[in-house]
Structure formats: C-alpha cells, structure tokens
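Okay, structure first, notes after.
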Amino acid sequence: MMDFLSQCRAVVGDAYVLDAPADMAPFLTDWRGRFTGKALAVLRPGSVEQVAALVRACAAHRVALVPQGGNTGLVLGSVPDVSGAQVVLSLARLNTIRQIDPVNRAMTVDAGCILQRIQEAAAAEGCLFPLSLAAEGSCTIGGNLSTNAGGTAVLRYGNTRELCLGLEVVTPQGEVWSGLRGLRKDNTGYDLRDLFIGAEGTLGIITGAVLKLYPQPKASITALAALPSPAHAQQLLVLMQDHCGSSLTGFELMSRFCLDLVARQFPHLPKPFAAPYAQYVLLELSSSESEAHAVGLLEHAIGAALERGVIQDAVVASSVAQSAGLWQLREHIPLAQAKAGKNIKHDISLPVSRIADFIAATGPQLEAAFPGCQLVCFGHLGDGNLHYNVAPPEGISNEDFLVNQDKVNRVVHDSVVAFGGSISAEHGIGALKRDELAHYKSPVELNMMRAIKAALDPLGIMNPGKIL
Ligand SMILES: Cc1cc2nc3c(=O)[nH]c(=O)nc-3n(C[C@H](O)[C@H](O)[C@H](O)COP(=O)(O)OP(=O)(O)OC[C@H]3O[C@@H](n4cnc5c(N)ncnc54)[C@H](O)[C@@H]3O)c2cc1C
C-alpha cells in the first residue's frame, strides 16, 4: 500500500495525508459516539483537482473511500468500516464561497463550507439561505446535499434538494462533472444533480454547489403553544396554514418528556410555562412586510386556536433573544438525549394526517414489548417528520437496552409502513439503516438503485456498505 499513500502524498503534500492513529482518530468515530472504524489514511485535499487526482489513485489501487464533511451525520455514513482498508476523504479544506449573485438569487460554494458560514455570507448580501439545523455550526453543505438534509424550514422552503440549482461532482473514475448551473429550468434529460443529492457519497464526491437564495424576511416571530395531544397539533397546523399561508415557516412538535429532558440536562434554558402540558408546538412565522404584520398574523391565529380549544396556552416571544431561547429548547433535545445516554433513534416520515394515529398506536406496542421504555418523540410535524426515539426504562443500562435495537426497529418501522410512511425522513440510510432499507424497499426499487450504483461506480469504491 505504500505506493498508494506515496501517490496521495504527491498529490496533496505530506501534511494532508494523515496515517498516525492520533491524527486520524477524530475522523473515525461518528458524532453520537456509537461506532469507531479504522482507516488506511485520512486524505485532506485542498482543491477540486486534488480530489479528482486522489479518486483516480483510489480507483487505480482499488481503495474504497469514504467522503466526509462535518461528520455530524446520524446514520454512520461518514465513517469507515473496521477493515482498515478504506480511506476517509475529508472535504473540510474546500471551504471557499465562490460567488454570490443576488440578482439570480444564487450562490456558488465549495462543498466543505460550513452551513452557518453560508447562511452568514448570504445574509451579508441581504439574502436568506434557509437551510437550518442544530448541527449548522459544524456540518458542511456537501454533507447536507449528500444526505438531502431537512431541518427546521422545510415547511416553507423544502429540503436541501429544493435549495440546490447545480452541482460539481468528482465521479468514481476521477473525472470532474461541472454542473454548476444557476438555472431554475433545465429539462435536458436525466437529472444527474438529483441523483447525487441524497446519495450519501455512494455515487461520487460533491465538490461544489449552486444554492438558491431567498429574500430575507423583514421579521420572524416565534411562539410556543401548549396542547393536550398530537391530534390537537395536527388541527393547529391546519388552522395556522389557513390563517397564515406561506408565512408559517416552522412547526415543531415536542412532547412533555422532551422538554423535561432538556430542563434536566440544560437547567439554564428558559422554562416558558409554570405548569406542564402533554405536548408543545414551536411555531415560527416570517413576514416580508414588517414585524407588526407578523405579530398581528400570529396573535390572530393563536387567538382563534385558543377560542376553538385547539391549544391550552401560548407564549409569544417579544424579542429576538426570546425567540432564540424558544428555538434553543427545540434544538437542545438531541443534545439533551446525547447527554442522558444512548437511545434507539428513528427518523420517520408519515402523511401529516396520520401522525397522531401513529403515535397513539405505536407507544402501546412498544410498552407491551419493552415495559417502561421511554419515548423521546419530537420533530418537524409540519413536514410529517418525527424523531421517534426509544430510551431505556429507568434503571436499565444503555448496553442492556441497545441489544434490543433490531426488535425495537421492527415494531416502530412496521408501524410506520402500516401508516403509509418512510423509515428515513431526513437523516438517510448510511450503514445504520441499510438492512432496514433492504427489508422494506420493494425488489423493483432495490434493483433500480443497484443498477444505478453499478453503472456509475462499477468498481464499488464509493462509500461501499452504505445505503445498499
Ligand atoms: C445536533 C444535530 C442535529 C441535526 N439535525 C438535523 C436536522 O434537523 N435535519 C437533518 O436532515 N439532519 C440533521 N442532522 C444530521 C445531518 O444529516 C447532518 O448534520 C448533515 O446534513 C451532515 O452534514 P456533514 O457535513 O456533517 O456530513 P457528514 O456527516 O460528514 O456525511 C454525511 C454523509 O454524506 C456523505 N458526504 C459528506 N460530504 C460529502 C461530499 N462532499 N460528497 C459526497 N458525499 C459526502 C458522507 O459520506 C456521509 O454518507 C443533525 C445532526 C446533528 C449532530
């Protein structure tokens, strides 16, 4: 293998081929700390040409590679297996904002740009890049595109797929496909861009992207509503959409258990209500007119919801700081879970109209099979997306409970499918859910996916063992 590593060093320089265990360590364990792989080396190219040259070297030596952005993915897609034969190819050094075109409302960026930096660069030009998620300070746009990340603004702006106009990709043969077109209409055959989005690095390496920008809203107002049940949350969503139309930009469901967990792990965060309620919805309204317009819309809609008994109480943030405080409650749920211990995560999507029925049906099934298990149920209800996580009963260790992972998955995912849903809404498949995908996808779908993989990556060097 020295030949291969020497070739890599010749491409990127000695400093950017890491093969000492201590140097490689941060790239080998997933964000949740559930899995640690081994690697032959970690490669850190600094340009698109270097990425292409490294992929050519990998192809020539049949070395499999694992693309990695911020390594915040939740399905073990960005870490190598335990063979020690794969290389991690980190895109972190490709971090230039190449161009911002406020008239075309588009920006062209390197794949390794941190999401938060992209948001800030757009804002500096008076524009909005709406993708937003709790990992935005660490995740990269290449990772967001490769997982087709969702986040908190999907209701209004769509997933990352909807926010992308064009891509630049290094193919598994080490060629550069430059599809960096800032076009909103382009019907010239198969949509290659859409093939690479959500492919989790199994078809090629995204090195650059053209992203859609939007006008900055003049004001955003946040409120937290308290409700008796998820069915009430569904009613609230319809009511809010009827009253506020596309001004409704966020709609997040959180159970009491979730906010209690946040309060325990992060006691400094706000506690908006004196008394507890069964469910909470975090609402965000944005206005292109003014703050007064947003407040007026929100107060009117909340008044109607209280009057009809859809909600029991609500607090409306009266400042940007208070808004941020309410969002922090939502964003700290995954962090609070991580601090509290390990749990069995499900990132599922359902028709919005079936969410309450799914929650009502699945909880008792889990309780019957795993008495005392604790449900951390929250998510982007406006998008039909729940994070439905199952934590050990009090007094049972993580390790003792995690052995049930396959059985827990079967209960939850069977129920998801029975309610017409999907076993992965926004986190992807990676290595973690690969067997579940094989279990639930139809042979027709799996065969088409395998045919695409074999056509684009005949040597099978692109993130093998992920998705398929
Ligand atoms: C606290 C927290 C909150 C989160 N919240 C959300 C959320 O609300 N919504 C949501 O959708 N996700 C969420 N996620 C998970 C989400 O998938 C990631 O945060 C993000 O999209 C991954 O970006 P990354 O740069 O870290 O990618 P990585 O984790 O490095 O990689 C993810 C996958 O993409 C591949 N990949 C990475 N870069 C490239 C590239 N340039 N070319 C080809 N393949 C590549 C990797 O091989 C891997 O398969 C959250 C994660 C955390 C830790």
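Note that ligands are numbered from 1 as they come in the structure, with each ligand's atoms numbered from 1 the same way.
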Going by an N to O cut-off under 4.0 Å, is there a salt bridge joining Arg117 and Asp110?
no
Write out all pairs satisfying side chain to side chain donor-acceptor pair (under 3.5 Å) with one or both partners inside residues 142-163, taking only residues at least two apart or from two chains.
Arg161-Asp194
A side-chain contact here means heavy atoms from C-beta on lying under 4.5 Å apart; do Leu54 and Gln7 qualify?
no
Is it possible for you to check whether Lys339 lies under 6.0 Å from the centre of the six-membered ring of Phe266, through NZ or CZ, and within 45° of that ring's axis?
yes
Write down, by chain and number, every protein residue that brings a non-hydrogen atom to less than 4.0 Å from an atom of ligand 1.
Trp31, Pro67, Gln68, Gly69, Gly70, Asn71, Thr72, Gly73, Leu74, Gly77, Ser78, Leu91, Ala111, Leu133, Ala134, Ala135, Cys139, Thr140, Gly142, Gly143, Asn144, Ser146, Thr147, Ala149, Gly150, Gly151, Glu200, Gly201, Gly204, Ile205, Ile206, His380, Glu426, His427, Asn463
Pair Glu436 + Arg410: basic N to acidic O under 4.0 Å:
yes
Is it true that Glu284 and Arg330 make a salt bridge, defined as a side-chain N closer than 4.0 Å to a carboxylate O?
no
